[in-house]
Amino acid sequence: MPRRMLMPHKSVFSHSRPPKWLNGPFTMNSAKGGYRVFSANSSPACVELAKRITERLGIELGKAVVYQETNGETRVEIQESVRGQDIFIIQTIPRDVNTSVMELLIMTYALRTSCAKNIIGVIPYFPYSKQSKMRKRGSIVCKLLASMLSNAGLTHIITMDLHQKEIQGFFNFPVDNLRASPFLLQYIQEEIQDYRNAVIVAKSPDAAKRAQSYAERLRLGLAVIHGEAQCAEHDMADGRHSPPTVKNTTVHPGLEIPLMMAKEKPPISVVGDVGGRIAIIVDDIIDEVESFVAAAEILKERGAYKIFVMATHGILSADAPNLIEDSAIDEVVVTNTVPHEVQKLQCSKIKTVDISLILSEAIRRIHNGESMSYLFRNIAMDD
């Protein structure tokens, strides 16, 4: 007896157009491979950077409310579904660093408990990056912050020009340390007239590698300022003696440890010719500007007729804008990794370079699982 073929019943899913109950926001939020971008604080600078990134990506900024209660506590409310999505949190670091850190931690934990698939922190300037080494009886605060972010639920970080590249080893998840130098190099070539007559300057031997990288890419000369009027951070005395000094100490008769000679700061000198040229001082962070102002005065005395300062992160704390305005510096160029709108109102010499393009491209590539090597083209280990 021949077997009969059973015809399948028509189903609502066999229509060419999906049913109405699949066309709501639930479909968008639960779509496989979806992603959202949130701003971790409501400051104008952070929201503006987040909107620039989302406009380049062609998506809307995620809906969330971040505010401080009357007792000073931070509260975060996620106002849309993030289940199963890749979530990117944009967090710039304004002057209130600790509040920004708490906003990031609380938003990360809120997204984690809302069943987000992956939570990626986009932190252009990573806070506490200067506290990445042991100082006397201090602590490595940057390592502590890395552990806190991991415990809160971050699975990836996108940052830019870490103060020390070794900071990447503090994390137990991937860290993409992007570079702002292509944007600053482009600014030099397009905005500084007669830049071919410029010389790249390192204001201390510690910044020589960065300055050399700029000089080699622009095919320009290099100068280094050696010697400082003030003590370096790692040479500052803190009143500690280890072991403590004790009168009438006895030493093992067979043990003769050679005494370390004390450092003596040499007089300030400039290694390299800056006479009749444009001097471009490069660094990763410009915060307290006294050392930059002193370097500009020295370069002016050596014959430089125009002085620029280029840095990735323009923190510009304390009285920095007024000091720059009254100094021999002609222009300070920084990126928008750190909010500095107030400082720009106080000083007309501060200029901003937008880096939202590379951040948006990094977000797109991470979400799509594409290689990040395109964003690190021609970048060497020393850069």
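Two residues are said to be in side-chain contact when any heavy atoms from C-beta on lie closer than 4.5 Å; I329 and F308 fail this criterion. Looking at heavy atoms from C-beta onward, S129 lies out of side-chain contact with Q164 at the 4.5 angstrom threshold. Side-chain contact check for L222 versus V199: every heavy-atom pair is 4.5 Å or farther apart. No side-chain heavy atom of F88 sits under 4.5 Å from any side-chain heavy atom of I53. A 4.5 Å side-chain heavy-atom check between H163 and K130 finds at least one atom pair inside the cut-off. With contacts defined as side-chain heavy-atom distances shorter than 4.5 Å, the pair R112/T108 does not qualify. Inter-residue side-chain proximity for V122 and I363 is flagged as met; some heavy-atom pair is nearer than 4.5 Å. Under the 4.5 Å side-chain criterion, counting only non-hydrogen atoms from C-beta, L299 is in contact with V201.
Using modelled atom types, one finds a donor on one side chain and an acceptor on the other under 3.5 Å when comparing D176 with H156. With 3.5 Å as the limit, one finds no donor-acceptor pair spanning the side chains of T335 and H313. Side-chain contact annotation: D206 with S204, donor-acceptor N/O pair under 3.5 Å absent. A donor-acceptor pair shorter than 3.5 Å can be found between the side chains of S150 and N172. Of the N and O atoms on the side chains of S269 and H226, not one donor lies less than 3.5 Å from an acceptor on the other residue. Between the side chains of N98 and Y128, a donor-acceptor pair is found at a separation under 3.5 Å. No donor-acceptor contact under 3.5 angstrom links the side chains of K143 and S132, judged on distance only. Donor-acceptor pairing under 3.5 Å is recorded for the side chains of E103 and Q68. Residues D284 and T312 have side chains that never bring a donor and an acceptor to within less than 3.5 angstrom of each other. Between N322 and Q346, the side chains place no donor N or O within less than 3.5 Å of an acceptor N or O (distance only, hydrogens not considered).
The aromatic rings of F171 and F126 lie perpendicular to each other, with more than 60° between the two planes, well past the 30° mark.
Taking the ring axis of Y374 as reference, the NZ or CZ atom of R377 stays within 45° of it and closer than 6.0 Å to the ring centre.
Between the side chain of N71 and the backbone N or O of E73, at least one donor-acceptor pair lies under 3.5 Å. At distances below 3.5 Å, at least one donor-acceptor pair connects side-chain atoms of Q343 with backbone N or O atoms of I315. With hydrogens and angles disregarded, a donor-acceptor distance shorter than 3.5 Å links the side chain of S371 to the backbone of S373. A donor-acceptor pair is defined here as one N or O able to donate and one able to accept, closer than 3.5 Å; no such pair exists between the side chain of R302 and the backbone of G272. No donor-acceptor pair closer than 3.5 Å links the side chain of D86 to the backbone N or O of K117. Proximity of a side-chain donor or acceptor of E370 to a complementary backbone N or O of R365 within less than 3.5 Å is not detected.
The side-chain contact (heavy atoms from CB on, under 4.5 Å) with I350 is formed by just one residue from the set H340, E325, E341; it is H340. Between F38 and the options I119, V76, I78, T54, a side-chain contact (heavy atoms from CB on, under 4.5 Å) holds for only I78. Remark: of the listed residues D283, I280, L185, I280 is the sole one forming a side-chain contact (heavy atoms from CB on, under 4.5 Å) with M310. Only one option out of T155, I366, L154 pairs with N118 in a side-chain contact (heavy atoms from CB on, under 4.5 Å); it is T155.
Remark: K51 does not engage E55 in a salt bridge, criterion side-chain N to carboxylate O under 4.0 Å. Taking a cutoff of 4.0 Å between a charged side-chain nitrogen and a carboxylate oxygen, K300 and E297 do not qualify as a salt bridge. Using a 4.0 Å cut-off between a side-chain N of Lys or Arg and a carboxylate O of Asp or Glu, D194 and R277 do not qualify as a salt bridge. Of the charged side-chain nitrogens involved, none lies within less than 4.0 Å of a carboxylate oxygen, so that E80 and K63 do not count as a salt-bridged pair. Under 4.0 Å is where a charged nitrogen must lie from a carboxylate oxygen, and between K351 and E191 no such pair does.
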(request) Show your reasoning for whether salt bridge (Lys or Arg N to Asp or Glu O under 4.0 Å) applies to R364 and E361. (result) CA-CA 5 Å; R364 189 192 68 80; E361 180 62 16; 2.8 Å; yes
(request) Please test K203 against F292 for side chain to side chain contact (heavy atoms under 4.5 Å, CB included), starting from the C-alpha separation and ending with a verdict. (result) CA-CA 7 Å; K203 69 179 181 68; F292 291 92; 3.4 Å; yes
(request) Could you walk me through whether L184 and V333 pass side chain to side chain contact (heavy atoms under 4.5 Å, CB included), step by step? (result) CA-CA 8 Å; L184 297 176; V333 182; 4.2 Å; yes
(request) Show your working on side chain to side chain contact (heavy atoms under 4.5 Å, CB included) between I278 and Y305 and close with a plain yes or no. (result) CA-CA 6 Å; I278 301 172; Y305 71 89; 3.4 Å; yes
(message) Could you walk me through whether T92 and V338 satisfy the side chain to side chain contact (heavy atoms under 4.5 Å, CB included) test, starting with their C-alpha distance in whole Å, then the side-chain angles of each, then the deciding distance to 0.1 Å, before giving a yes or no?
(response) CA-CA 6 Å; T92 58; V338 178; over 6 Å; no
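For the atom pair S327 OG and K349 NZ, the distance stands at 4.5 Å (nearest 0.5 Å). Between the CG atom in L104 and the CE atom in M148 there is a gap of 9.5 Å [rounded to 0.5 Å]. Separating the CZ atom in R56 from the CG atom in D354 is a distance of 5.5 Å, to the nearest 0.5 Å. The CZ atom of R52 sits 8.0 Å away from the CG atom of L49 when rounded to the nearest 0.5 Å. Between atom CG of residue D161 and atom OG1 of residue T337 there is a gap of 8.5 Å, rounded to the nearest 0.5 Å. Between E301 atom CD and I298 atom CD1 the span is 7.0 Å, to the nearest 0.5 Å.
V141 and M134 fall within the same hydrophobic cluster, defined by Ile, Leu, Val, Met, Phe, Trp and Tyr side-chain heavy atoms under 4.5 Å apart, directly or through other members. Taken together through direct or relayed side-chain contacts under 4.5 Å among Ile, Leu, Val, Met, Phe, Trp and Tyr, I358 and F376 form part of one hydrophobic cluster. Residue V271 is not grouped with residue L220 when hydrophobic side chains (ILVMFWY) are merged at heavy-atom distances under 4.5 angstrom, including chains of intermediate members. The cluster map of Ile, Leu, Val, Met, Phe, Trp and Tyr, joined by side-chain heavy atoms under 4.5 Å apart, puts V353 and I200 in the same cluster. The hydrophobic cluster containing I93 does not contain V47, counting ILVMFWY residues as joined when their side-chain heavy atoms lie under 4.5 angstrom apart, directly or transitively.
Around the OH atom of Y109, the shell of radius 6.0 Å holds no more than 12 heavy atoms that belong to other residues, nucleotides or ligands. Heavy atoms of other residues, nucleotides or ligands lying less than 6.0 angstrom from CD of Q193 number 12 at most. For CG of N378, the number of neighbouring non-hydrogen atoms (other residues, nucleotides, ligands) closer than 6.0 Å is 12 at most.
Listed here is the closest heavy atom pair of P127 and V101: CG-CG2, 4.1 Å. The two residues G314 and V334 come nearest to each other via the heavy atoms CA-CG1, 3.7 Å.
Under the ring-ring contact (aromatic ring centres under 6.0 Å, His included) criterion, Y187 pairs with no residue at all, not counting sequence neighbours. With sequence neighbours excluded, no residue satisfies side chain to side chain donor-acceptor pair (under 3.5 Å) with N197.
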